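Below, read A as the first sequence line, B as the second, and so on, with proteins coming before strands; counting in each chain starts at 1. Predicted, not measured: the structure shown is a model, and the values here were computed from it.
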Number of protein chains: 2
Amino acid sequence: MDAAPTVIADRISAIVNSMTRSEKRIARVLLARYPAVGLESVTEFAKQAEVSAPTVLRFIAKLGFGGYPDFRRALREEIDESQLNPLTKPRIENIDAGTEYGNELLGVVRSTLAELDMGLVEKVTELFSDERRSINILGGDLTTTVASHLFFHLRKMRRLVFSLPATIQERADRIVDLGKRDIVVLFDIRRYQADIIKTARIASQKGCTVVLFTDQWMSEASEVATHVFRARVGTSSPWDSLLGLNAIVETVALSLDRRLWSMVRPRLEVMERYKVDLLDQETTSTPPE
Amino acid sequence: MDAAPTVIADRISAIVNSMTRSEKRIARVLLARYPAVGLESVTEFAKQAEVSAPTVLRFIAKLGFGGYPDFRRALREEIDESQLNPLTKPRIENIDAGTEYGNELLGVVRSTLAELDMGLVEKVTELFSDERRSINILGGDLTTTVASHLFFHLRKMRRLVFSLPATIQERADRIVDLGKRDIVVLFDIRRYQADIIKTARIASQKGCTVVLFTDQWMSEASEVATHVFRARVGTSSPWDSLLGLNAIVETVALSLDRRLWSMVRPRLEVMERYKVDLLDQETTSTPPE
DNA sequence: GAATATATGAAATTTTTATAACATAAACGG
DNA sequence: CCGTTTATGTTATAAAAATTTCATATATTC
């Protein structure tokens, strides 16, 4: 009967939307510190979720447990099992009628990653690791969000990361200073943008290393690009999906993070400190009465 | 200070040779089913080790704990740390880790979509279809790119779509004008941002409809949100993945596109015409020789 | 092989925890 | 807005768990 080795957390996740206010609180606290909070006493659990103990009890009763001890026993069993096969649990996915498009999106990610050349990822990682080179990122109309995502990650890991302006005028002002040392990263998928292709040409002419993220049909910019990543973007809908591009970006970011970890970690810590300082200043800036 | 994250199991292993017969039994049972047995009651623990409860108590007292509850608390803390602290996440430095990570990303998308409540998508589509309501979008530090992605799509399909400013001051200026008619869309995943949670609270108080995109652990903003989408974000890497969130955004966008199709198509055509006009103007603006 | 020290367990006691019963508040449908 | 249903919290009670006490067993030393 209970063939599916359902993790309690998943069961909760699945029904969280049909929960009452307090129940959601309980679910949130439990999922956030799963499964540890569940192993505390009801009273403690309830306190953390800012509800009363009986509410927690009713919550776990709804999940089908015979009582709080029963619930804890189940959690302990999960811990036991997870020891034997860590994280390798097969996830049996529940198929919903409306997830046809979901399967398409999944397909976009799957084929993009399957076709992804890890050697290229390595090479670009190598390239991005060189902190003497500047990295200049530019996305198109639709892809600007993915470009920002890459920008965000690179920015956290190293210096000299910039985003090229979207307006032609400002961009021209910036391109003029680019040279052999500099890297230009472009995003261009169908409904290819002339200005991006031209930017690629100019950058290439000036000796920049050009990295292009495009779709399977490849923007014209690929003619001059040094490195080209291709993602699947097509779905049955009129809108292209950015999931594939995003997947590549995250893979590259992770690869870079692995390589630069020893430098990135201290950098992040310092950033964190500055952030706290900046926030502090904000609160103390009020003049005394 | 507590630089070494002393695992209790290791401490026990280290001194197992200087133990009495019963103590060794206890140690053996505990290590075999670590840490689950320790989370049962003393009586149960004792029974499994085939010793008496007081013997177990003396055992854990020798380990330096103030009592059995104290011991269990320590075990729970270990569970918390091992699962949630991003810095403790196992870092697999494998060469072929790229593919492995790809599978993880795929998993993020799959489980996000599997857990996606299509009824909720419907409801939010309905909500977004009402052109009398304004839509105000705000993302967090990391999620701002996904927020932009949603912004892009909604912008194409309807009027009254805005993005809320990132700076507190400007945002306050904007929030003051929001009311019952308005929709506030927020993105907040772990390392939850206080300013976003507060924005949610204020918006809710002002009678806005609040749509939240968060992770499986759910930002506190979920307490006041009208609709909550939850995505998977966790991977084995120290960085969270946005693919799940993106998948939800694209699904919502498509759903909206289907519903508003008859209005969206002409709108897009007009936009296209204006775009061409604007570009024309740009090229002809050069004064003749 | 006693005398002593140490380890262990059974039973009693104290404390904590889980739950039931009731009261109040919030949400809902007309 | 009303009455009704549902959700939540408070208080009281039962159950259980943890701990202490003390008796008994086992090992250790001379």
Side-chain angles (χ1 to χ4, degrees), chain A residues 8 12 15-30 33 35-77, chain B residues 8 12 15-30 33 35-76 119 123 180 201 204-205 207 209-210 220 222-228:
Chain A
I8 298 167
I12 295 170
I15 57 166
V16 80
N17 280 322
S18 61
M19 287 179 181
T20 69
R21 213 181 160 70
S22 318
E23 283 173 343
K24 274 181 190 157
R25 270 199 197 156
I26 296 168
R28 195 162 53 76
V29 169
L30 178 57
R33 290 192 45 227
V37 254
L39 295 163
E40 295 170 6
S41 71
V42 234
T43 323
E44 190 55 36
F45 188 171
K47 199 192 290 173
Q48 293 209 29
E50 295 177 74
V51 299
S52 72
T55 304
V56 173
L57 288 173
R58 284 184 281 253
F59 173 81
I60 64 111
K62 270 191 192 169
L63 287 173
F65 296 100
Y68 200 73
D70 185 41
F71 169 65
R72 282 211 305 214
R73 189 190 38 68
L75 287 179
R76 286 196 304 264
E77 277 169 18
Chain B
I8 297 167
I12 294 170
I15 56 165
V16 80
N17 285 320
S18 60
M19 288 176 180
T20 69
R21 199 193 316 266
S22 317
E23 282 173 344
K24 275 179 189 162
R25 269 198 207 152
I26 297 168
R28 201 160 42 77
V29 170
L30 177 57
R33 289 191 47 228
V37 254
L39 296 163
E40 295 169 8
S41 71
V42 233
T43 323
E44 190 55 37
F45 188 173
K47 199 195 286 174
Q48 293 208 32
E50 295 178 76
V51 298
S52 71
T55 305
V56 173
L57 288 174
R58 283 184 282 253
F59 173 82
I60 62 111
K62 271 190 191 170
L63 287 173
F65 296 101
Y68 200 72
D70 185 42
F71 169 64
R72 283 211 303 215
R73 188 189 38 69
L75 287 179
R76 286 195 305 263
K123 266 184 244 157
K180 285 192 178 43
R201 289 233 145 84
S204 158
Q205 215 158 21
T209 305
V210 178
E220 258 186 61
S222 66
E223 285 180 19
V224 294
T226 323
H227 304 293
V228 180

In whole angstroms, the gap separating P of D/dA16 from CG of B/Leu39 amounts to 20 Å
Separation of C/dA21 atom P from A/Arg58 atom CZ, nearest Å, is 13 Å
Between CE of B/Met19 and C1' of D/dA27 the distance, given in whole Å, is 19 Å
Rounded to whole Å, CD of B/Glu50 lies from P of C/dT8 at a distance of 14 Å
| request: Have a look at B/Arg25 and say if it touches a base, only the backbone sugar-phosphate, or nothing, with a 4.0 Å heavy-atom cut-off. | output: nothing
Here the distance between atom C1' of C/dT17 and atom CZ of A/Arg73, to the nearest Å, is 18 Å
A/Leu57 atom CG is separated from C/dT17 atom P, nearest whole Å, by 13 Å
Rounded to whole Å, CG of A/Asp70 lies from P of D/dA16 at a distance of 13 Å
Rounded to whole Å, the NZ-P distance (A/Lys47 to D/dG9) equals 15 Å
Would you call the rings of B/Phe71 and B/Phe65 parallel, tilted or perpendicular, taking 30° and 60° as the class edges? perpendicular
With the side chain defined as heavy atoms from C-beta on, B/Thr20 is closest, among C/dT19, C/dT8, D/dT8, to C/dT8
Among the nucleotides D/dT10, C/dA7, D/dA18, whichever has the atom closest to the side chain of A/Pro54 is D/dT10
Exercise. Could you please spell out the steps behind the side chain to side chain contact (heavy atoms under 4.5 Å, CB included) verdict for B/Met19 and B/Ile12?
Key: CA-CA 10 Å; B/Met19 288 176 180; B/Ile12 294 170; 4.1 Å; yes
Against the side chain of B/Val51, the closest entry in C/dA18, D/dA18, C/dG9 is C/dG9
